[in-house]
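First comes the structure, then the notes that go with it.
Quick note: numbers below take in every heavy atom, side chains included, and nothing from hydrogens, waters or symmetry partners. As the structure lists them, so they are numbered: ligands from 1, and atoms in each ligand from 1.
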Amino acid sequence: MTEREKKIKDKKTTVGILGLGYVGLPLAREFASAGLKVVGFDIDDKKVKTLNSGRSIIKHVTHSQIKKMVKASMFGATTQMARLKTVDAILVCVPTPLTQNREPDMQFIINSSKTIAKHLRAGQLIVLESTTYPGTTRELVAPILESTGLKAGKDFHLAYSPEREDPGNKNFTTKTIPKVVGGLTDKCRDMACELYNVAIDKTIPVSSLEAAEATKILENVYRCINIAMVNELKVLFDRMGIDIWEVINAAKTKPFGFNAFYPGPGLGGHCIPIDPFYLTWKARQYGMPTRFIELAGEINTNYASLYYNKNDGSAE
Ligand SMILES: NC(=O)c1ccc[n+]([C@@H]2O[C@H](COP(=O)([O-])OP(=O)(O)OC[C@H]3O[C@@H](n4cnc5c(N)ncnc54)[C@H](O)[C@@H]3O)[C@@H](O)[C@H]2O)c1
């Protein structure tokens, strides 16, 4: 057993989580419950104070869970980024919105990478969890971290593991949703898997950073396009006097080859309308339009305006 493995096994590894929102906080809870000390980092002073007083900031992590973690000294939040030096692993869970031009807004990933670079020390494991286009970790994050003179894959370890959090889902939690992991090197990936295996039931190693980044984008593109399809059929079936809900429920009795998606303006989460456009932006560099994504975006936007413009408040 390596010294690192022993440290994890003996629960002497400290995990830093950068970005304490819908993704970062449940992750902090899982590591703390598994017995690893967690330091949460955020730029939002109010959030940090609330958490340290033993209160939660999101619905699906309860006040009592936070209180218990804080009381047991398994979790503490801070805005003091210099403390990043003290942790063994840093999991980055910062936002990835779109700009006004519907292009990836990378400011949070860039800023958090710069912050980490200021305090980076040899031996640390850095894992990006934010949803983003394939290539982000290698092309954007690695150079910022390497500006310190430390070399990724040699002096420190770099991995990408997409968060598949589904807030409020009663059947699956952060712990039970398998975690896909890609590394800059095989060693980086294995180190990240080792760490996640302490808190998450199952890790799925993949061959590269880009495969892990693309996995998350595929999942969200898949939802976005299928929801667009049923949104379009909803409008058509309405005109034909057919109840789409009855049709979907009948179709889903087929035991293979059909997954049910339901019409709606919200696309089942705020990420679905955004994340696919990260791929659209990247695809331009490869001279390839992502026509499915563009069309799905257009149909879903039209459906949402139809939905909200209805006087009875419902498109059903
Ligand atoms: N919310 C979800 O259900 C969900 C599910 C899967 C994946 N994701 C992805 O996970 C990522 C995070 O999403 P979220 O919903 O948790 O966002 P969020 O807005 O709830 O939380 C992000 C946190 O990061 C903090 N932050 C911003 N910049 C920072 C910096 N430089 N240093 C430290 N902290 C910083 C913010 O203050 C905030 O507390 C996004 O890429 C998102 O697409 C979200």
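- Here Leu128 contributes atom CG and Leu209 contributes atom CG; the two are 9.5 Å apart, rounded to the nearest 0.5 Å.
- Between Thr131 and ligand 1, at least one N/O pair is under 3.5 Å apart.
- Taking any N or O of Phe108, backbone or side chain, none lies under 3.5 Å from an N or O belonging to ligand 1.
- The heavy atom nearest to atom 21 (O) of ligand 1, out of those in Pro97, Gly21, Pro95, is found in Gly21.
- The closest approach between Asp42 and ligand 1 falls below 4.0 Å for a heavy atom of the residue.
- Residue Lys47 places at least one N or O, backbone or side chain, under 3.5 Å from an N or O of ligand 1.
- For Tyr222, the ring pair (Phe, Tyr, Trp, His ring centres under 6.0 Å) partners at least two apart in sequence or on another chain are Phe261.
- Two different hydrophobic clusters hold Val92 and Val180 under the rule that ILVMFWY side chains link at heavy-atom gaps under 4.5 Å.
- Ligand 1 places these atoms under 4.0 Å from at least one heavy atom of Ser112: 31 (N).
- Summarising the contacts of atom 6 (C) of ligand 1 with Glu163, Gln107, Lys46, the nearest heavy atom is found in Glu163.
- With a 4.0 Å heavy-atom cut-off, ligand 1 is reached by the backbone of Cys93 but not by any atom from C-beta on.
- Leu25 and Ser56 get closest at one heavy-atom pair: CD2-OG, 4.1 Å.
- Taking the six-membered ring where tryptophan is involved, the planes of Trp281 and Tyr133 are tilted, since the angle between them lies from 30° to 60°.
- Hydrophobic clustering places Ile126 together with Leu184 (ILVMFWY residues linked when any side-chain heavy atoms are closer than 4.5 Å, directly or through intermediates).
- For the pair Thr137 (side chain) and Val141 (backbone), a donor-acceptor distance under 3.5 Å is absent.
- Which parts of ligand 1 touch Pro167 is read off a 4.0 Å heavy-atom cut-off, strictly below it: atoms 3 (O).
- Near Glu165, meaning under 4.0 Å from any of its heavy atoms, are these atoms of ligand 1: 3 (O), 5 (C), 6 (C).
- Checked by distance only, ligand 1 and Tyr22 come closer than 3.5 Å through their nitrogen or oxygen atoms.
- At a 4.0 Å cut-off, at least one heavy atom of Lys216 sits close enough to ligand 1 to count as contact.
- For the pair Asn111 and ligand 1, the shortest N or O to N or O distance does not fall below 3.5 Å.
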